[in-house]
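No experiment lies behind these values; they were computed from the predicted model shown.
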Amino acid sequence: MVKAISNTGDAMQQLLDIMAQLRNPEGGCPWDLKQDFRSILPHTLEEAYEVADAIESDDRMQLRDELGDLLFQVVFYCQLAREEGSFEFADVAQTMSDKLIRRHPHVFSPSADEAELGTSALDADQVLQKWEAIKQAERDAKHQHSVLDDVPNALPAMQRSAKLQKRAANVGFDWPDVTPVLANMAEELEEIEQAFASGDKDHTLEELGDLMFACVNMARHLKQDPEQVMRAANAKFERRFRFLETQLVEAGESLESVDLERMEAGWKAAKVAGL
């Protein structure tokens, strides 16, 4: 039986040792032995979203468990890399430490002025500007030619859209405030209507994409994560639809037995109830 331990370093080493044993050809786990970088990728994405769910539900014990599951994914990748001789967990941790120190000079190597004023003199926006400048310098050192280089293709489309827009905004390609963003959204909606009226489905979908891109831009100008905005909208829809279902059941009805007008009445009742 594996004993629980409290020391952080010992606990981390124990986890690494467990992972190594799971991948041991002699006595290891058959499922873990079959896995590779690509096969565990879907599990990693799933665990990241489960962390998000735990945070949004304000369940700290669930969050602790989900963070453990996500950490296990990191350990798994590091074990695979160790076996092929490319890197180990210690390399990942050291790389992250070096990056954090490099990207926080105001904390770890402040200038004379910053040291005199204290890091509290920098607000969050100034810190972000410094962070982006340092990241751009790192991209330059890698001879990347576009400010859009290294935005991962594997990101969810809405999240990638926000990152692309942010990169462009960092070099001045952005509207100064929300007003023209709203005008752009109205313009894109009008273009969807025109494309739809023409019967051109492909053009309609293209314009729909433009509107969704504009909506992401709106969220960014409001300093909100569009993915979180969409998750909140999904949650609201779910609350209202479940309310509608419950209302119908209590009235001896079902979704399949009522018309859209009856459903709409239940939906409006959910809104009145503040859901």
Side-chain angles (χ1 to χ4, degrees), residues 1-57 59-109 119 127-128 130-144 149-156 159-160 163 225 227-228:
M1 179 178 290
V2 178
K3 289 177 59 179
I5 49 184
S6 58
N7 179 276
T8 301
D10 291 344
M12 193 66 240
Q13 187 58 56
Q14 182 185 63
L15 181 57
L16 293 170
D17 292 342
I18 290 171
M19 184 70 253
Q21 182 55 40
L22 290 172
R23 289 280 300 177
N24 190 337
E26 296 184 9
C29 172
W31 186 88
D32 290 284
L33 285 165
K34 285 181 60 178
Q35 306 312 308
D36 57 27
F37 288 98
R38 291 183 179 275
S39 68
I40 62 174
L41 176 57
H43 301 283
T44 307
L45 297 174
E46 181 179 344
E47 297 300 349
Y49 281 113
E50 289 181 359
V51 167
D53 286 338
I55 291 172
E56 290 175 352
S57 65
D59 188 331
R60 294 295 182 262
M61 296 306 291
Q62 182 189 354
L63 177 59
R64 182 197 66 178
D65 291 346
E66 299 301 347
L67 285 173
D69 291 342
L70 187 58
L71 176 60
F72 178 71
Q73 299 297 306
V74 176
V75 169
F76 208 140
Y77 288 120
C78 290
Q79 176 62 31
L80 293 173
R82 181 185 184 187
E83 291 169 10
E84 70 178 21
S86 52
F87 60 82
E88 299 188 19
F89 180 84
D91 300 313
V92 172
Q94 188 62 59
T95 299
M96 191 68 248
S97 295
D98 293 344
K99 182 183 294 185
L100 288 172
I101 292 171
R102 184 173 66 250
R103 292 184 177 180
H104 292 81
H106 54 288
V107 175
F108 298 105
S109 56
T119 56
V127 170
L128 184 59
K130 284 178 172 285
W131 176 279
E132 292 297 341
I134 293 169
K135 287 174 67 177
Q136 184 57 51
E138 292 172 357
R139 288 192 287 270
D140 292 342
K142 294 177 182 177
H143 305 293
Q144 295 174 331
D149 284 346
D150 78 5
V151 177
N153 286 317
L155 285 175
Q159 188 177 351
R160 188 166 191 270
K163 282 189 173 290
D225 176 7
E227 198 74 25
Q228 294 301 318

| query | F76 vs F72 aromatic rings, parallel, tilted or perpendicular, using cut-offs 30° and 60°? | reply | perpendicular
| note | On a heavy-atom basis, the closest approach of L33 and G28 is CD1-C, 4.2 Å
| said: Would you compute the distance between atom CG of L45 and atom CD1 of I40 and round it to the nearest 0.5 angstrom? | reply: 10.5 Å
| request: For Q73 and D69, test the side chains for any donor-to-acceptor distance below 3.5 angstrom and give the result as yes or no. | output: no
| field | Distance in Å, R102 CZ paired with T95 OG1, rounded so as to fall on 0.5 Å steps | value | 9.0 Å
| Euclidean distance, Y49 OH relative to E227 CD, rounded to 0.5 Å | 5.0 Å
| said: Contact between W31 and L22 at the side-chain level, heavy atoms closer than 4.5 Å - yes or no? | reply: no
| task | Could you tell me which residues satisfy side-chain hydrogen bond (donor to acceptor under 3.5 Å, both in side chains) with Q228, sequence neighbours excluded, listed by chain and number? | result | none
| query | Say you draw a straight line from OG1 of T44 to CD of E47; how long is it, rounded to the nearest 0.5 Å? | reply | 8.0 Å
| message | Can a donor-acceptor pair be found, under 3.5 Å and without considering hydrogens, that links the side chain of S39 to the backbone of Q35? | response | no
| query | Does the side chain of Q13 pick up a donor-acceptor pair with the side chain of D17 at under 3.5 Å? | reply | yes
| field | Gap separating the CD atom of Q79 from the CD atom of Q21, nearest 0.5 angstrom | value | 10.0 Å
| remark: Contacts of E46 meeting salt bridge (charged side-chain N to carboxylate O under 4.0 Å, His left out) (sequence neighbours excluded), chain-then-number -> none
| For A154, does its backbone N or O pair with a side-chain atom of R160 as donor and acceptor, under 3.5 Å? | no
| task | Indicate yes or no for a side-chain donor-acceptor contact from R23 to the backbone of L80 under 3.5 Å, with no hydrogens or angles considered. | result | no
| field | Nearest-0.5 Å distance that lies between atom CD1 in I55 and atom CD in E50 | value | 12.5 Å
| message | Angle between ring planes, Y77 versus F37, binned at 30° and 60°: parallel, tilted or perpendicular? | response | parallel
| request: Give a yes or no answer on whether the side chain of D65 reaches the backbone of Q62 with a donor-acceptor pair at less than 3.5 Å. | output: no
| request: Mind checking side-chain hydrogen bond (donor to acceptor under 3.5 Å, both in side chains) for R82 and listing every partner two or more places apart, or none if nothing turns up? | output: none
